[in-house]
Amino acid sequence: MHRDWADIWGGGVLALLGAGVAVHAGLTLDFGTLRAMGPGFFPTVLGALLAVLGAAVAIPAWGRMAETPHIAWGDAAAVIAAILIFGLGMNRLGILLACFAAVLIASVPAPHSGWRWRILLAACVTGLVWLVFIAGLRMTIPILPRLP
Amino acid sequence: MTAWEGLAHGFNVALQPDVLAYCLLGVTLGTFIGVLPGIGAMAAISLLLPITFYISPEAALVMLAGVYYGAQYGGAVASILLRLPGTPQSAVTTLDGYPMAQQGRAGVALFVSMVSSFAGSMLGIVVLVVLAGWLSEAATAFRSAEYAAMMVLGLVAASTIGSDRPAKAFAMVTLGLILGCVGTDVNSGAQRFTFGIPELMDGINLVALAMGLFGVAEVIGNIRNAERHAAPERVTFRQMMPSRDDLKRMPAATLRGTALGSFFGALPGTGSTLSSFLSYAVERRVARHPERFGKGAVEGVAGPEAANNAAAITAFVPTLTLGIPGDPIMALMLGALVIHGIQPGPEMLTARPDMFWGLVVSFGIGNLLLLILNLPLIGIWVSMLRIPFRYLYPAILIFVCLGVYSVRGSAFDIATVAVVGLCGYLLALARFSPALLLLGFVLGPLIETHLRRAMLISRGDPMVFLERPIACAFVIASVLLIGLSIFQNLRRR
Amino acid sequence: MKRDLIGVSNSASGGLAFTRRAALAAAAAFALAAPAFAQDWPTGPVHVYVGFPAGSSPDLLARIITEPLSQKLGQPVVVENKPGAGGVIGVQQMLAAGPDGHAFGTTINGPLTTAGRLMPDLGYDVAKDIQPVALIATSPLVLAVAGDAEATDLAGFIELAKAEPGALSYGSVGQGSGAHLTAELFNEAAGIEMLHVPFTAYAEVTTSIIGREIDAGFMAPSAALPHVASGKLKMLGVTSAEPFAQIPDVPVIAGNAGMPADFQAELWNAFIAPAGTDPNVVARLNTEINAILADPEVQKKLLDMGWQAAGGTPEDLAKRITDDTRMWGAVIDKVGTAK
């Protein structure tokens, strides 16, 4: 058991975010008045509120004991990378190549060794995507890489 | 024309063989599209839109409505089995449906969700038939002050769900409200937090936010928990059947959900979202053991599912009589009508009774078809859980990306999913409720616009919220509710 | 029935005149360039970018044009919906696809005229990056008030507004929208002052007027019509120079009730290409689109949705863009300084 780090960090980050939002909105947007609210009214008030609520989450957690959850940074990185490669590469690499690459990357952290199943999986998912989205739903996405 | 004559008229239209065939096509397609994680009715309806040029407007609308309902039934499958809600409404279904699936009661959860969806729709139709005229009057009686006050009440009432610490719950709602501010301010045209990115001018994409918060976050957290589900080897009909205890809890929850859904659905805007959150909050409040919620309480699935289906039915009243669509899918359906030269408006009920009542009857037939179609499929859906997760999750990610892309063809939205997914994973680890964030995100812009509009029209006089009786009632109810929860909190200590 | 006949005959003659002019322009263009090209093009599916979601009015209008266009070109013409930022994202996506003769766009006037003044960074320069192809259709706006409103005609409405400056309010579909700028233009021309209440869709504006929450609004005729039929709204005037075929009984605002004779405001929809697109392709497209717009069936479909078929040469469209940019720019300056 440790201090309740989840709430300390969670509350702390939210408090900082709220303060940031309030300051940014306060500086760049017109606050208006209570009777004639400007575009900055809601963001500023809500930002300040989030800062207070974040603190209300974080401060009591300092004196409390709890399990600290384990953050799987590697798994997260692989999933995020796969999504970004698919999303940003889709229109340049074509959907087949982007999908194949994204599945391979996403499957890296899976707790099962070997490359053969990963390549096979990537091929299957790519085929399925072609079948459902290109042949079935007729989405207009480049299929093959765009030659310069 | 009385409602009963209208209904008879409607049966004539809806039972024509071609209309019936398009209804079946719509619900079938909708179910399968809805089951695919991440893909909603939007993709299917966009695909079908060109076809509607060539068929009668009745058949076109019946088919598109079928897709809409079908996708809702199918969407519940993805929400319960994989925690992948495509809409804020089904995000509520995950709160208790997903824990049920984890306890090996996936079949029961799906059965309950389908039966209460069906019951909600059918009762919604009854409400629609009896009260159609009254509902459309009620919708015009609501002004900005009423909307603002009503949504504040909804937000307050729902803020208590899904979290053990009130500060954490309110923080999530507030974060959602802040994210809802992103985009062009309706009143002034000012850009807020868009940082010069045109894709952000219309705000953060709702589907991208929901998919990131739930789907992607769930995938990241489960890659290493290979045995995350206690999936039964084979689903027999017995295992699908709710226990006697479940059966006792279901009917009241379904009825309460239907009542909430029917009322809020008729108010243009996000009646459907509000009613499913409210239904969940009500069930939690009336339950003898509220601590069961979030851990697989059957009422937490039955109530909201009945509510959002009933709301989807009554939502056709403002859509058709005022031309105000509740969501982008309804807007698409209106477009299909306009192609055929039919402008929705108050004349719709009298000028095109065939269309209106035909649609109403087709709702009933469509939902019946869906129930018949879906009950036998439950076993197949549940058996999907036996596929090892390492084969499943890369495919889920790709489908989520393409589903988000299908909303408005934007690669930027896929990048949003990635960023939101990471944040959602961290929030889930620290036990913050993503459902509340989503609620704040949906209601925030509406509250702000209506509040500021009410103040603008009253020339800055805040008394407008107290002088109008309905608005005043909502304000008082909100204040009472806040007082009540503070009082309960103090007493617990 | 009578209403339809008038509409069709009016726009048919207009369409024909434009077609002849466009054909001449196209012939001139062909004579200058290598003739072989026009037969090769298009070599694959043609993509038409639309900055609004499927099922919306600009999308439906695009589909009315692209369907026959696909038959005439012998290649699929695919509508690509890229909604966002009031249509600007559709134009950006078209430009990103490049001038290879297979990427085009249809857009409302906003992204080509006012958007440059209202958005911090448009990402394109209309004069340099856009090749006009043809004006597709125009639509006036109508001034609508509640069916039980005190004013029965335009003169009565202006009188009412003058009696108590700032007491009347009007709805629009957003800051800088056609509905907003037209109303400001009207305010200035009539010498009145009305409170601006922004909404996001015409349906919200009409509901608010019917509920007597706000007093008036400029809107597309098809947004008001269903409620006019039930007596919940009435139309006091139309912003076109001539009575509009869809609503022939509604008087024009110009020259009426002391309003200036040149008071005119129209929304439009145009077919555009990325700058650098082969001039032969532009000329061929212009010819085909003018031919499509001359078809009475197409004209009727457009009119049912509240659009008057237009047409004309690319140069006509270019002039329209410049003129409207100047006109609305002046209104935006005015509103901006008033704030």
Side-chain angles (χ1 to χ4, degrees), chain B residues 42 45-47 49-50 53 139-145 184-191 194 196 198-202 268 318-319 321-325 328-329 331-348 350-351 407-410 412 449 453-454 456-457 459, chain C residues 53-57 59-60 63-64 67 79-86 88-89 92-93 118-123 166-167 169 174-177 180 195-204 206-208 210-214 222-223 225-232 300-301 304-306 339:
Chain B
M42 199 69 192
I45 294 189
S46 303
L47 170 78
L49 192 66
F53 283 105
T140 41
F142 266 57
R143 290 187 183 176
S144 296
T184 311
D185 173 41
V186 174
N187 283 59
S188 66
Q191 300 295 316
T194 54
E199 279 84 354
L200 282 178
M201 278 181 61
D202 298 324
T319 305
T321 60
L322 299 174
I324 302 180
I329 300 164
L332 245 170
M333 285 193 238
L334 282 186
L337 282 181
V338 174
I339 288 177
H340 287 279
I342 300 168
Q343 282 289 347
E347 294 287 87
M348 189 87 181
T350 45
V407 175
R408 57 172 189 178
S410 161
F412 178 85
T449 335
R453 189 178 296 150
L456 186 64
I457 293 169
R459 270 77 174 172
Chain C
S56 63
S57 166
D59 169 73
L60 300 178
R63 286 172 199 265
I64 291 176
E67 266 217 0
V79 171
E80 302 268 10
N81 297 103
K82 300 283 177 182
V88 166
I89 288 183
Q92 288 178 342
Q93 293 285 330
L118 298 167
M119 273 174 67
D121 180 20
L122 208 51
S169 55
Q175 286 281 347
S177 63
H180 172 210
L195 176 74
H196 175 215
V197 182
F199 290 78
T200 50
Y202 282 130
E204 289 183 290
T206 53
T207 309
S208 188
I210 292 168
R212 301 301 298 267
E213 189 178 27
I214 57 172
S222 43
L225 270 176
H227 302 283
V228 172
S230 66
K232 294 192 168 173
K300 171 147 178 21
K301 271 192 202 165
D304 283 346
M305 287 174 47
K339 222 184 268 170

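What you see below is based on every heavy atom in this structure, not just the backbone, and it leaves out hydrogens, waters and symmetry mates. Each chain gets a letter, A, B and so on, in the order its sequence line appears, and its residues count up from 1.
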Practice task
Mark yes or no for whether C:Glu213, through its side chain, and B:Ser144, through its backbone, hold a donor-acceptor pair below 3.5 Å.
Solution key: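 Judged by distance alone, yes, a pair lies under 3.5 Å.
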Exercise for the section: Determine yes or no for a side-chain-to-main-chain donor-acceptor pair under 3.5 angstrom, with B:Glu199 supplying the side chain and C:Ala85 the backbone. Expected result: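 Checking the backbone N and O of C:Ala85 against the side chain of B:Glu199, no donor-acceptor pair under 3.5 Å is found.
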From [X] atom [atom1] to [Y] atom [atom2], the distance as rounded to the nearest 0.5 Å:
X        : Y        : atom1 : atom2 : result
C:Gln175 : B:Asp185 : CD    : CG    : 8.5 Å
C:Ile214 : C:Leu195 : CD1   : CG    : 9.5 Å
C:His227 : C:Thr206 : NE2   : OG1   : 4.0 Å
B:Ile457 : B:Arg143 : CD1   : CZ    : 8.0 Å
C:Asn81  : C:Asp59  : CG    : CG    : 4.5 Å

Checking [X] against chain B: side chain, backbone, both or neither under 4.5 Å from a heavy atom?
X        : value
C:Val88  : neither
C:Ser56  : neither
C:Glu67  : side chain
C:Tyr202 : neither
C:Pro53  : neither

Problem - Which atoms of B:Arg453 approach chain C - backbone, side chain, both or neither, heavy atom under 4.5 Å - result: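 Only the side chain of B:Arg453 comes within 4.5 Å of chain C.
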Handout entry: B:Thr194, part contacting chain C, at a heavy-atom distance under 4.5 Å
Key =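 Neither part; nothing is under 4.5 Å.
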Problem - Leading residue by heavy atom contact count with chain B [cutoff under 4.5 Å; candidates C:Ser222, C:Ser57, C:Gly86] - result: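 Option with the top pair count is C:Ser222.
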Problem - Choice from C:Met305, C:Glu204, C:Arg63 maximising heavy atom contacts with chain B below 4.5 Å - result: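 It is C:Arg63.
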